[in-house]
S.K.: 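Take this structure, written in structure tokens, and hold onto it; I'll ask about it next.
Protein chains get the first letters and strands the later ones, always in sequence-line order, with residue 1 at the start of each.
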Amino acid sequence: MAAPAAETGPQTASATAPGAAREAIRVEGLHKSFGPHHVLKGVDLTAHEGDVIAVIGGSGSGKSTMLRCINFLETPSAGRVVIAGEEVRQRADGTCADRKQIERIRRSLGMVFQSFNLWTHKTVLENLIEVPVHVMGVPKAEAVERAMALLARVGLAEKAGAYPAFMSGGQQQRAAIARALCMEPKAMLFDEPTSALDPELVGEVLAVIRALAAEGRTMILVTHEMKFAREVASHVVFLADGLVEEQGPPERLFGAPQSPRLQQFLRSVG
Amino acid sequence: MAAPAAETGPQTASATAPGAAREAIRVEGLHKSFGPHHVLKGVDLTAHEGDVIAVIGGSGSGKSTMLRCINFLETPSAGRVVIAGEEVRQRADGTCADRKQIERIRRSLGMVFQSFNLWTHKTVLENLIEVPVHVMGVPKAEAVERAMALLARVGLAEKAGAYPAFMSGGQQQRAAIARALCMEPKAMLFDEPTSALDPELVGEVLAVIRALAAEGRTMILVTHEMKFAREVASHVVFLADGLVEEQGPPERLFGAPQSPRLQQFLRSVG
Amino acid sequence: QTAVKVGIAAEAYPPFASQDASGAWVGWEVEMIGAICAAAELTCEIVPVAWDGIIPSLTAGQIDAIMASMSITEERMQTIDFSDKYYNTPTVVVGAKGVEMAPTPEGLAGKIVGVQVSTVHQAYVEKYFAPTAAEVKTYQTQDEANQDLVAGRIDAIQADSIALDAFLATPEGAACCEVKGAVADDPAILGLGVGVGLRKGEEDLKAAFNKGIAAVLADGTYDKITAGYFASSIYGN
Amino acid sequence: MGPLDLLALSPPGWGATLLAGLWNSLLIAVGAFSLGLVLGGLGAWGKIHGGPVTRDLLAMYTTIVRAVPELILILILYFGVTDLVNQVLIAFGHERIQISGVAAGITVLGVVQGAYATEVLRGALLAVPPGQVEAARAMGMPPLLMARRIIFPAMLGLAMPGLSNLWLIATKDTALLAVVGFGELTFATRQAAASTKAFFTFFIAAGVIYLILTLLSGWVFARIEAWARRGEPRNAGG
Amino acid sequence: MRAWLQPHRIALGLIGLGLVIWCATTMRWDWLPKYAPMMAEGIWRTIWLLVLSSVLGMALAVPLGLAQAAGPWYLAAPARVFCTVIRGTPLLLQIWLFYYGLGSLFPQFPWIRQSDLWPILRQAWPYALLALTLSFAGYEGEVMRGAFKSVPRGQLEAARAMGMPRHLILWRIWLPQAVRAVLPTLGGETVLQMKATPLVATITVVEIYAVASRVRQDTFIVYEPLLLLALVYMLLAGAIVLLFRQIETRGPQVRRPG
Ligand SMILES: Nc1ncnc2c1ncn2[C@@H]1O[C@H](COP(=O)(O)OP(=O)(O)OP(=O)(O)O)[C@@H](O)[C@H]1O
Ligand SMILES: Nc1ncnc2c1ncn2[C@@H]1O[C@H](COP(=O)(O)OP(=O)(O)OP(=O)(O)O)[C@@H](O)[C@H]1O
Ligand SMILES: [Mg+2]
Ligand SMILES: [Mg+2]
């Protein structure tokens, strides 16, 4: 399937555009099918530098799939992705054409998976320094220092030498967040980064994300916690049925939702 | 290590005892160490039939470990467990002495894991009917019917034939809940059953749990969502540092927490 | 003088050709190669090759002749050439002591006969004894057949007398078994003996070897070498 | 001569011959096993990630090479191919060449080992949880680095038993090289046994040597496996 | 069907066909009629030795692997020793020990010779089957040990938490997942087993390889019988590969990242 020209319809999105801020991530006309199952049906999304975009939506609505398409872990069936003004080159079948390019882009996009995906044969510390040391060429001592600082920040300093399989769910999730941060990426993709965390730690993560945003880093995060979304996001996107059903600043979306779908979705939050 | 006699100290717990209700689950003086790491330091907990006990606490405080000790997935270092008046027989080293007994007891305790643990080589439907058909001798047609009804209830009817690896996080979690329910257990142990669910589905699960409680089934559930705990629980237990720091009805615990630890913990919920 | 590479089987086959612990090749056939080559005025170099590779080595030209106790048969002559025979040992049947049997089809009726695979003896047994015997078992080596005879799992073995004499000289062989007699001759199978294997069409080399064999037989070298290994001549008749 | 005299290190004892054979066996086994690992790694990668043509060619490689007895392969390579090359060379007026028997043997054994290793590694590769690879990919690791630092360690635990089987088979399959006139342990044993008629002594001696070799390599393989599985909790009894 | 008609497959097929025709026309096959019945018998013997020894061996390998992966020490240690000894000594030696060692002890007891068992014990195939079975069990016990260990713990905990009895967990959860992980290895080991069967010729069990060797020795034709043998083995190996691929494609396909 060839990528259709980006459509500009009512769903086209542009996260609050304060003129000066440059585009960090843009997704245009993103489609994704798994066999006969059409999951994403033309998603458009733009994130500017320093934006924190919260993606909400029902289970199975394609949030994770969208995140995974942005860094081409999943090959889009159609559509294009532009990161920091650079379009990811694709072949006719949608796969990325330039390995070096996508690797570089991925290194600028930290990702925290819904299922953490920590490397089981490496300790937490080794998980953190793996990419900085072996891909980005950071001297080991420096990487360890940075990693230990991050681990301390998420309250895992004394688990640095533990293997992931012997840690609690929340500990694994924090380690996964720290691993993504350790690369010092320009933008971050978080897939439900607080699902296994207690309220105290959620507050911690919130603080981390705010600090990152203040530094000008861009973040897209999928979350089920509306409270968290409201507090952290500069822009909220509601995904339903493979399309962006509604989007806007959190106050408007949570305060005065327009579409019946979103109203229904938020009703249960109470 | 021999099990020390159950201590009765300030931490001893008894979930609201309305005289008539019989004890469903009792844990006494539960200790658990992983090597040098002392995780549970003498937990006491009693659940009566129809109770819904929410266990809250920081990440790594031992909530999952406690749940896993109840059905002996983890061998307690010390302490005893009594299920429906029947004490789990233990050897001197704490392991269960009577395999048949523990298997029977486990069948009466449905468990939903924090990491779901769906069987990867079976479809969702096969995951659900596995134990009813092959262990409990339910005729296959009947088990399939019951399973399909449960799947429909959690909104997964059309995923019955899918393998877990191809489903979204929330779908896996719902399948795991349905699998536990399909055994029609007398009591249920939930480890963060709503971590991957959107607010709508959380509401669904809440309804399911209420319905089960109304049938007189007992439930112990670990959760990070205070709102959920407040709504669903008849009794809340706050775990900190391997001990029950405070417990009581949700109104009291959330309304007027006594211990500074709990106050601090709840402050971040705002 | 022409240089000839003579292949011998790398697997030991005492007393014809075997390696001693220091790696030197010794035996009747090894001495005979020297004698025949000298008489044929050939400069021979001995090249040990594993049995499985000996024919391909010959056809691929890595060796020029084979002297490795290779029996001449009609079937083999379609693939390679042979010189005249240079030895041919009598064929005997050995059986357990105290059991009545004769080396004839009737004498072996109902018996289990063991024989080494792909030897003239196998051809002979299959032609004469198989119709009446209970079973013919084939072994990869003669030693294995001997062992099974000792163990009582077979009743008789047929092989050349040299191999069986050596076996009957061992304590276990002497304890269990005895020679039941020589089989009736069938020149088409047993009478061709052992010859030098040669590539097809190398008539000059064949003639040279034939000349050498005739010469050592005539001048007494053959008997002299044989006397060092065997009690009587093994040239056959 | 008693068994101990037969096994003495200096002639007429055969000990030195056996040990020299063992050394040769080890050389060939190491060569073949290493070649097999390289081919197996490439083959497994190609079978999983290659295009349809690559996959079909590799399927043919693993099926045919595993099916055809090594003896045939070595006969064809060592005699057939040499013969063919020589005929061509002579036709053009060149000298005959001679492939080294050992090189031919190692090549054949290595290619065969490679076919088995392909399947062992493919199974292990498929058993690596996809999330492990995705994490590496999401962080922009180049494929080779990812193969070395993430995939290889993650698949090692499962691949180890199959590979250790292959290694042990390699040490014993060296017997094949007798065909090209190379004396390794099995051949030396047979030689000694046939020459002295002390079959029992020598076969037991060879068995003991192999057993010691197995114990030693088993220890090494077990260490590697334990290291590879260091992050995995143990599956306690069912 | 269309899958078979891809250009490269047609090309490969033609090359293969060409090779076959070349072999059939330029090589010597006149020996074939004489040895054909023997070969048929040999093939049959190879097949049943292979099938029986693999099935029985696998049945032994499962408990051997399980004992080592998760058993108490008094089961793990003997299993470990068994696998080490079997893998550590040449199969030929084992066959010899069983047949010429163990087997030749029996005739020394008259009551065995008189018994109904003797006609079976006297023959070679029981020892061949025994040796091949134990050998397969030894190698596969090692493979299964790794396989059992590799099943993620959570999969078993889920089963335990639901009160599945141990044998059911093993049979329905642990074993299927373990076998899945090592199917390619097991397929290879079965092909190896096929190629190990010729060793039984040393104890007078004549299978296809021994027949081919005999043709070579009888006629001194080198390549033709071996090529025919290779063809037979390729067909057998093809059948094994297909069988395993069939098993592999049942159940979920592994999700391959991007
Ligand atoms: N198998 C194990 N080996 C060693 N330590 C372990 C093991 N399992 C858990 N732990 C440790 O025990 C402590 C309690 O773990 P547990 O999983 O019970 O926490 P939890 O309360 O469930 O936390 P969370 O909310 O993050 O899931 C943690 O510090 C963890 O690292
Ligand atoms: N590899 C796959 N193969 C087939 N279907 C898939 C695959 N991955 C996801 N799906 C399907 O695509 C849909 C979207 O999945 P996705 O993981 O994006 O959902 P999600 O919005 O992240 O849900 P959740 O909140 O539950 O994590 C689901 O219906 C899921 O079953
Ligand atoms: Mg998701
Ligand atoms: Mg937990």
S.K.: If we count only N and O atoms by modelled type, under 3.5 Å, do the side chains of D/Lys47 and D/Thr62 hold a donor and an acceptor together?
M.R.: yes

S.K.: Find the one option among D/Ala124, D/Ala67, D/Gly157 whose heavy-atom pairs under 4.5 Å with chain E are most numerous.
M.R.: D/Ala67

S.K.: What residue in E/Pro152, E/Ser150, E/Ala237 has the most heavy-atom pairs under 4.5 Å with chain D?
M.R.: E/Ser150

S.K.: Sort E/Phe148 into side chain, backbone, both or neither according to what part of it lies under 4.5 angstrom from a heavy atom of chain D.
M.R.: backbone

S.K.: Report which part of D/Pro129 has an atom under 4.5 Å of a heavy atom belonging to chain E: side chain, backbone, both, or neither.
M.R.: neither

S.K.: In Å and rounded to the nearest 0.5 Å, what is the CG to CD1 distance from E/Leu226 to D/Ile76?
M.R.: 8.0 Å

S.K.: Measuring only between side-chain heavy atoms, which start at C-beta, is D/Ile151 closer than 4.5 Å to D/Trp45?
M.R.: yes

S.K.: Take a 6.0 Å sphere around CZ of E/Arg245 and say whether it holds more than 12 heavy atoms from other residues, nucleotides or ligands.
M.R.: no

S.K.: Which residue, E/Ile43, E/Ile208, E/Leu228, forms the side chain to side chain contact (heavy atoms under 4.5 Å, CB included) with E/Tyr233?
M.R.: E/Ile208

S.K.: Which bit of D/Val208 comes within less than 4.5 Å of chain E, counting heavy atoms only: side chain, backbone, both or neither?
M.R.: neither

S.K.: Please flag which part of E/Ala181 lies under 4.5 Å from any non-hydrogen atom of chain D: side chain, backbone, both or neither.
M.R.: both

S.K.: Which region of E/Val151, side chain (C-beta onward) or backbone (N, CA, C, O), has a non-hydrogen atom less than 4.5 Å from a non-hydrogen atom of chain D, or is it both or neither?
M.R.: both

S.K.: Taking the side chain as C-beta and beyond, is there a heavy-atom pair between D/Val112 and D/Arg66 under 4.5 Å?
M.R.: no

S.K.: Can you tell me which portion of D/Ile209 sits under 4.5 Å from chain E's heavy atoms? Options are side chain, backbone, both or neither.
M.R.: neither

S.K.: What part of E/Leu170 is in contact with chain D, defined as an atom under 4.5 angstrom from a non-hydrogen atom: side chain, backbone, both or neither?
M.R.: neither

S.K.: Is it the side chain or the backbone of D/Leu71 that comes within 4.5 Å of chain E heavy atoms, both, or neither?
M.R.: side chain

S.K.: Taking the side chain as every heavy atom from C-beta outward, state whether D/Leu57 and E/His8 have any pair of such atoms under 4.5 Å apart.
M.R.: no

S.K.: Quick one: do E/Arg87 and E/Ser135 satisfy side-chain hydrogen bond (donor to acceptor under 3.5 Å, both in side chains)? Show the steps, please.
M.R.: CA-CA 7 Å; E/Arg87 293 161 66 238; E/Ser135 162; over 6 Å; no

S.K.: Is it the backbone or the side chain of E/Leu192 that comes under 4.5 Å from a heavy atom of chain D, or both, or neither?
M.R.: both

S.K.: At a heavy-atom separation under 4.5 Å, does E/Arg80 approach chain D through its side chain, its backbone, both, or neither?
M.R.: neither

S.K.: Name the member of D/Glu70, D/Glu232, D/Arg229 that forms the most heavy-atom pairs with chain E at distances under 4.5 Å.
M.R.: D/Arg229

S.K.: Identify which part of E/Val191 has an atom lying under 4.5 Å from any heavy atom of chain D, answering side chain, backbone, both or neither.
M.R.: both

S.K.: Compute whether any side-chain donor of one residue and acceptor of the other, for D/Arg122 and E/Thr185, lie under 3.5 angstrom apart.
M.R.: no

S.K.: Mind checking which of residues 193-203 of chain E sit less than 4.5 Å from chain D, heavy atom to heavy atom?
M.R.: E/Met194, E/Lys195

S.K.: Is E/Ile173 in contact with chain D via its backbone, its side chain, both, or neither, using a 4.5 Å heavy-atom distance?
M.R.: neither

S.K.: Please flag which part of E/Arg145 lies under 4.5 Å from any non-hydrogen atom of chain D: side chain, backbone, both or neither.
M.R.: side chain

S.K.: For each of D/Ile169, D/Ile204, D/Thr186, D/Ile212, tally heavy-atom pairs with chain E at distances under 4.5 Å, and name the one with the top tally.
M.R.: D/Ile169

S.K.: Do E/Glu189 and D/Asn165 meet the criterion of a side-chain donor-acceptor pair at a distance under 3.5 Å?
M.R.: yes

S.K.: Any sub-3.5 Å donor-acceptor pair from D/Thr63's side-chain atoms to D/Met60's backbone N or O?
M.R.: no

S.K.: Taking the side chain as everything from C-beta on, heavy atoms only, tell me whether E/Thr190 gets closer than 4.5 Å to E/Phe244.
M.R.: yes

S.K.: Which label fits E/Trp96 and D/Phe203: parallel for a plane angle under 30°, tilted from 30 to 60°, or perpendicular past 60°?
M.R.: tilted

S.K.: At a heavy-atom distance under 4.5 Å, which candidate from E/Pro72, E/Gly138, E/Pro90 has the highest pair count against chain D?
M.R.: E/Pro90

S.K.: Is atom CG of D/Leu144 surrounded by more than 12 heavy atoms (other residues, nucleotides or ligands) closer than 6.0 Å?
M.R.: no

S.K.: Mark yes when over 12 heavy atoms from residues, nucleotides or ligands other than E/Arg214 sit less than 6.0 Å from its CZ; otherwise mark no.
M.R.: yes

S.K.: Answer with side chain, backbone, both or neither: which region of E/Val182 has an atom nearer than 4.5 Å to a non-hydrogen atom of chain D?
M.R.: side chain

S.K.: Please classify the contact between D/Leu213 and chain E as side chain, backbone, both or neither, with a heavy-atom cut-off of under 4.5 Å.
M.R.: neither

S.K.: With a 4.5 angstrom heavy-atom cut-off, which part of E/Tyr223 approaches chain D: side chain, backbone, both or neither?
M.R.: side chain

S.K.: For D/Phe152, does the CZ atom have more than 12 heavy-atom neighbours from other residues, nucleotides or ligands under 6.0 Å away?
M.R.: no

S.K.: Out of D/Ala59, D/Ala159, D/Ala206, D/Gly207, which one racks up the most heavy-atom pairs below 4.5 Å with chain E?
M.R.: D/Gly207

S.K.: Does D/Arg230 come within less than 4.0 Å of D/Glu225, counting only side-chain N to carboxylate O?
M.R.: no

S.K.: Quick check on D/Ser217 against chain E: is it the side chain, the backbone, both or neither that has a heavy atom closer than 4.5 Å?
M.R.: neither

